Amino acid sequence: VCMQQTLNTTHRQLPLQACFNSRDLGGISNQAGRNIKTQLLLRADDLSSLSTADVAYLCELPLHTVIDFRSTLEQNHKPDILPDSCQRHLHLDILSGNMEVYMQQMKDSSANARAIMFEIYRDLVLNPQSQQQYRQFFNVLQQEPQGSLLFHCSAGKDRTGIATALILEALGVERDCIMQDYLLSNPYLISKYSHLFEAYPHAYDFLTVSEDFLQHAWDLIDKQHGTVERYLTEVLHIDLPLMQNLYLEA
């Protein structure tokens with residue numbers, strides 16, 4: 001079931017010209033066979049280059065809330081372009097200090113990219129500041145949707161990838177499906193970052209996602225909290241029945 005539905009992504013990819021790694025979580029089925037409602041939860045990379053057509057599309061949805069996981073430095077460098085329909089623009093800076101360090105390391109050809117990525121994923125799920133920001137994120141998600149909610153970072157793969165994996169876990173989606181959706185970032189990122197792959201061939205692992213990274217996060221959560229469900233409810237304060245009620249079709 002999972003193979004069919006998550007790999008058939010043409011209907012889930014957002015029709016944005018200037019956003020490479022963007023898609024709707026709608027249409028993914030959970031283990032009980034219930035689908036996530038469409039046009040409510042959208043994930044993306046940065047929104048700094050949106051075209052007039054892109055903005056018009058987001059306005060039509062309508063896009064109501066944008067949550068930006070980037071650091072202030074990243075935001076100042078590439079500010080979001082937002083449609084008039086956006087009533088709420090939240091900045092939940094995940095890994096602020098570390099992200100600058102990681103970007104510097106990416107440019108160093110002697111850096112061990114895989115080891116650094118494992119460190120990033122550890123920070124994403126276990127660092128108290130990251131947990132605090134994800135807690136605020138889920139606090140917003142647990143309010144009655146007023147329109148589409150879009151969350152993003154720079155590449156839409158790690159900070160956004162973990163946010164998506166946690167949402168899908170909360171909605172009862174199977175692990176295989178969560179992993180497939182996570183790995184879908186790669187084909188999009190390869191076109192987004194083709195210039196960087198040439199400039200920094202050693203940085204492939206920085207610019208893509210790998211099954212090992214998400215698995216590492218899951219393993220750390222299990223080790224520290226026993227189960228992902230306990231992590232979702234006790235650390236991130238997610239009301240699972242409420243989330244399922246808000247975002248799953250009947």
Side-chain angles (χ1 to χ4, degrees), residues 1-16 19-45 57-58 60-67 69 121 124-125 134 137-138 140-153 155-189 208-215 217-218 221 227-229 231-233 236 238-250:
V1 179
C2 183
M3 210 90 180
Q4 290 302 301
Q5 57 146 23
T6 35
L7 291 183
N8 175 17
T9 52
T10 40
H11 64 291
R12 287 186 42 229
Q13 192 182 358
L14 302 180
L16 298 172
C19 222
F20 285 80
N21 188 19
S22 62
R23 50 198 182 273
D24 188 342
L25 302 196
I28 297 177
S29 297
N30 76 357
Q31 294 178 63
R34 294 175 69 189
N35 284 352
I36 299 176
K37 295 174 185 174
T38 57
Q39 297 190 341
L40 284 186
L41 296 169
L42 314 175
R43 58 176 293 176
D45 48 330
Y57 165 75
L58 293 173
E60 270 168 42
L61 283 172
L63 180 63
H64 177 273
T65 301
V66 169
I67 297 178
F69 294 139
Y121 275 74
L124 284 172
V125 293
Y134 281 130
F137 173 63
F138 277 100
V140 174
L141 287 188
Q142 292 176 92
Q143 296 161 19
E144 190 66 44
Q146 305 296 307
S148 304
L149 178 146
L150 182 148
F151 55 98
H152 77 95
C153 52
K157 71 183 183 83
D158 305 313
R159 292 166 284 187
T160 298
I162 286 289
T164 305
L166 294 170
I167 290 171
L168 296 179
E169 283 276 2
L171 296 179
V173 175
E174 219 178 343
R175 278 281 165 94
D176 284 358
C177 285
I178 297 175
M179 184 63 81
Q180 283 188 26
D181 181 71
Y182 169 77
L183 294 173
L184 281 174
S185 288
N186 281 342
Y188 303 125
L189 291 167
T208 53
V209 290
S210 157
E211 201 166 320
D212 301 347
F213 303 158
L214 181 55
Q215 191 55 54
W218 275 331
I221 286 173
T227 64
V228 172
E229 189 168 322
Y231 177 81
L232 296 175
T233 55
L236 301 182
I238 301 172
D239 178 337
L240 299 176
L242 172 67
M243 278 288 288
Q244 295 176 10
N245 196 23
L246 290 174
Y247 295 107
L248 294 176
E249 290 174 2

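Computed from a prediction, not measured in an experiment: that's the story for all the values here.
- L25 has its side chain out of reach of L42: every pair of non-hydrogen atoms, C-beta onward, lies at least 4.5 Å apart.
- Note that OG of S22 and CZ of R43 are 10.0 Å apart. Values are rounded to the nearest 0.5 Å.
- Separating the OH atom in Y182 from the CG atom in L214 is a distance of 5.5 Å, to the nearest 0.5 Å.
- Here the shortest heavy-atom pairing between I221 and Y231 reads CG2-CB, 3.6 Å.
- Proximity of F20 to L189: side-chain heavy atoms (C-beta onward) are nowhere separated by under 4.5 Å.
- Counting non-hydrogen atoms of neighbouring residues, nucleotides and ligands closer than 6.0 angstrom, the CD atom of Q142 exceeds 12 such neighbours.
- In this structure, the side chains of Q13 and L184 stay at 4.5 Å or more apart for every pair of heavy atoms.
- Rounding to the nearest 0.5 Å gives a distance of 5.5 Å between CG of L58 and CG of L16.
- By the side-chain hydrogen bond (donor to acceptor under 3.5 Å, both in side chains) test, N186 is found to be paired with no residue, residues two or more places apart in sequence or in another chain being considered.
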Less than 3.5 Å apart, which donor and acceptor atoms pair up between the side chains of residues 145-152 and the rest of the protein, not counting sequence neighbours?
residue, atom, partner, partner atom, Å
Q146, NE2, E144, O, 3.0
S148, OG, Q39, O, 2.6
H152, ND1, D45, O, 3.4
H152, NE2, D80, OD1, 3.1
H152, NE2, D80, OD2, 2.9

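- Remark: N245 pairs with no residue by the side chain to side chain contact (heavy atoms under 4.5 Å, CB included) rule, at least two apart or across chains.
- With rounding to the nearest 0.5 Å, the separation of CG in D239 from CD in Q244 is 9.5 Å.
- Between L248 and N30 the shortest heavy-atom distance is CD1-ND2, 3.4 Å.
- When the options I178, T38, I36 are evaluated for a side chain to side chain contact (heavy atoms under 4.5 Å, CB included) with I28, the one that passes is I36.
- Q143 CD to F138 CZ: the interatomic distance, rounded to the nearest 0.5 Å, is 13.5 Å.
- Smallest separation of non-hydrogen atoms from L41 and L141: CD2-CD2, 3.7 Å.
- With sequence neighbours excluded, the residues forming a side chain to side chain contact (heavy atoms under 4.5 Å, CB included) with E249 are N35, K37, listed by chain and number.
- Judged purely by atom type and a 3.5 angstrom limit, Q215 has no side-chain atom pairing as donor or acceptor with the backbone of E211.
- The nearest pair of heavy atoms linking L124 to Y134 is O-CE1, 3.4 Å.
- Within the 4.5 Å cutoff, the side chain of D181 has heavy atoms near those of the R12 side chain.
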Quick one: side chains of residues 160-172, donor-acceptor pairs under 3.5 Å with protein atoms, not counting sequence neighbours, listed by atom name and distance.
residue, atom, partner, partner atom, Å
T160, OG1, C153, N, 3.1
T164, OG1, T160, O, 2.8
E169, OE2, R175, NE, 2.5
E169, OE2, R175, NH2, 3.0
E169, OE2, W218, NE1, 3.1

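- Residues satisfying the side-chain hydrogen bond (donor to acceptor under 3.5 Å, both in side chains) criterion with N21, sequence neighbours excluded, are R23, S185.
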